[in-house]
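Below, read A as the first sequence line, B as the second, and so on, with proteins coming before strands; counting in each chain starts at 1.
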Amino acid sequence: MISIQQEDFDLAHELQQLRKSCNQMGAFVSFVGLVRDYATQGQVTAIELEYYPAMTYKSLVRIVQQAELRWPLLGLRVIHRIGYLPAHAQIVLVAVASQHRHSAFAACEFIMDYLKTEAPFWKKEYINGQNYWVEAKATDTQALAKWQN
Amino acid sequence: MISIQQEDFDLAHELQQLRKSCNQMGAFVSFVGLVRDYATQGQVTAIELEYYPAMTYKSLVRIVQQAELRWPLLGLRVIHRIGYLPAHAQIVLVAVASQHRHSAFAACEFIMDYLKTEAPFWKKEYINGQNYWVEAKATDTQALAKWQN
Amino acid sequence: MIKILYFARFREKLGLDQEQYPTTFPLTVTELLQQLAQRGGHWHDLFDCPQGVLVAVNQEMTTQQAIITVGDEVAFFPPVTGG
Amino acid sequence: MIKILYFARFREKLGLDQEQYPTTFPLTVTELLQQLAQRGGHWHDLFDCPQGVLVAVNQEMTTQQAIITVGDEVAFFPPVTGG
């Protein structure tokens, strides 16, 4: 249900697995994040994703549990890649199945918003032979506000 | 970009096509709706989807244009199936690509909310050899409120 | 003359998916509904004091106050349930 | 003795990903940061009046007021940027 891995993933395969787990699903929402090929410093050729093995998985479990407490979900899959990833590669998948679309949309966006601000991953961008640690964005922290009232 | 068809669709293929159209995409959100196999009257074996050929396509174009005016999108695909569809079949796909996740989530949910209340499709459920027109849900109309302030 | 289309539950109940309808103008949607209701039976059930009757004129959703002109395509249908 | 881990920009700047750190207890995260800052150089730059320093104790995010006890795993890292 939650994986942290170097290998790429196949959205179609993951959704098919998710569907098998339950017949009552009516709504599937999925998010896929890709490595963007530009930054303010120039063209990005690749990124490298560092993580904190003992903590990252625990952190994702907690985020998913929060989502499951808030919305009636029927299935869920989170995959986050780590290591060296070229531009346009897939980084992250969050797929949520539920009976009705609202729960699936809300839970998927909730998980992404928390993942972006709480899960210990750090991204370094390779640009013109140099590398730069990506700075956290204030908008990611602001995105949490909508879940906190 | 918008299709109304009897044939099934392949999400993986559609997302791949969407990716080809632009390199700056960072976020993909997709919604897939399936035929649910139950209703208050019993087990649903299939549905039949009627539409208004001259109007339905126009209506989807208008909904998509509204989404494109509100959020900076980089790619978009809408497929709605019509005709006789067995339980668990795919009914609808809305896939949205943008640079950042918020626009993609918002536009995808916006399109689904308007599609559910404005696009002329009507669903009939087959249950125990009988068939019943599905009643519109008040929650679908209420879902529009969040886009109207 | 206008063209009238019926969809879904309305189409089935009336046993009719479309008709050419001779009428005089000016005509509002409300007036058209009243004329149809006078056919009696299911027509009366559906279109007299209509609730949950959506209307499109020339493939655009509109209201019962809309004005219909010659050659228009008018469609009546229940609330939509796609997606 | 506690274990301290450094990640990302901190790890690179300090040239160190982890260390066993002998200390006396009770100890708060703030006190530990002050001790590390006294090593000078990059340690001082990163940990004196620290801004943007996140801390986890035993793999749980916590605050600088948290109390560290013997055998704990303490991790320092910049704001996260995954996803």
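In this structure, the portion of C:Leu5 lying under 4.5 Å from any heavy atom of chain B is its side chain and not its backbone. With a threshold of 4.5 angstrom between heavy atoms, B:Lys58 approaches chain C through side-chain atoms but not through N, CA, C or O. Heavy atoms of B:Lys137 lying under 4.5 Å from chain C are absent altogether. With a 4.5 angstrom heavy-atom cutoff, B:Phe31 does not touch chain C via any of its atoms. In this structure, the portions of B:Ala54 lying under 4.5 Å from any heavy atom of chain C include both its backbone and its side chain.
Counting non-hydrogen atoms of other residues, nucleotides and ligands closer than 6.0 Å to CD1 of C:Ile67 gives a total of 12 or fewer. With a 6.0 Å radius and a threshold of 12 heavy atoms from other residues, nucleotides or ligands, C:Gln51 has its CD atom at or below the threshold.
Taking CD of B:Glu125 as the start and OG1 of C:Thr81 as the end, the distance is 9.0 Å to the nearest 0.5 Å. One distance of note links CZ of C:Phe77 with CE of B:Met55; it measures 4.5 Å at 0.5 Å rounding.
A pairwise comparison of heavy atoms in C:Val80 and B:Ala136 identifies O-CB, 4.0 Å as the closest pair.
In this structure a side-chain-to-backbone donor-acceptor pair under 3.5 Å is missing from B:Lys124 to C:Ala8.
Chain C forms the most heavy-atom pairs under 4.5 Å with one residue out of B:Tyr52, B:Phe121, B:Tyr51, and that residue is B:Tyr52. The candidate with the highest count of non-hydrogen atom pairs below 4.5 Å against chain B, out of C:Gly82, C:Ala56, C:Pro79, C:Ala75, is C:Gly82. Taking chain C as the reference chain and counting heavy-atom pairs below 4.5 Å, the highest number among B:Glu48, B:Arg62, B:Glu135, B:Glu118 is found for B:Arg62.
Between B:Trp122 and C:Phe7, the ring planes lie parallel to each other; the angle is under 30°, not in the 30° to 60° tilted range.
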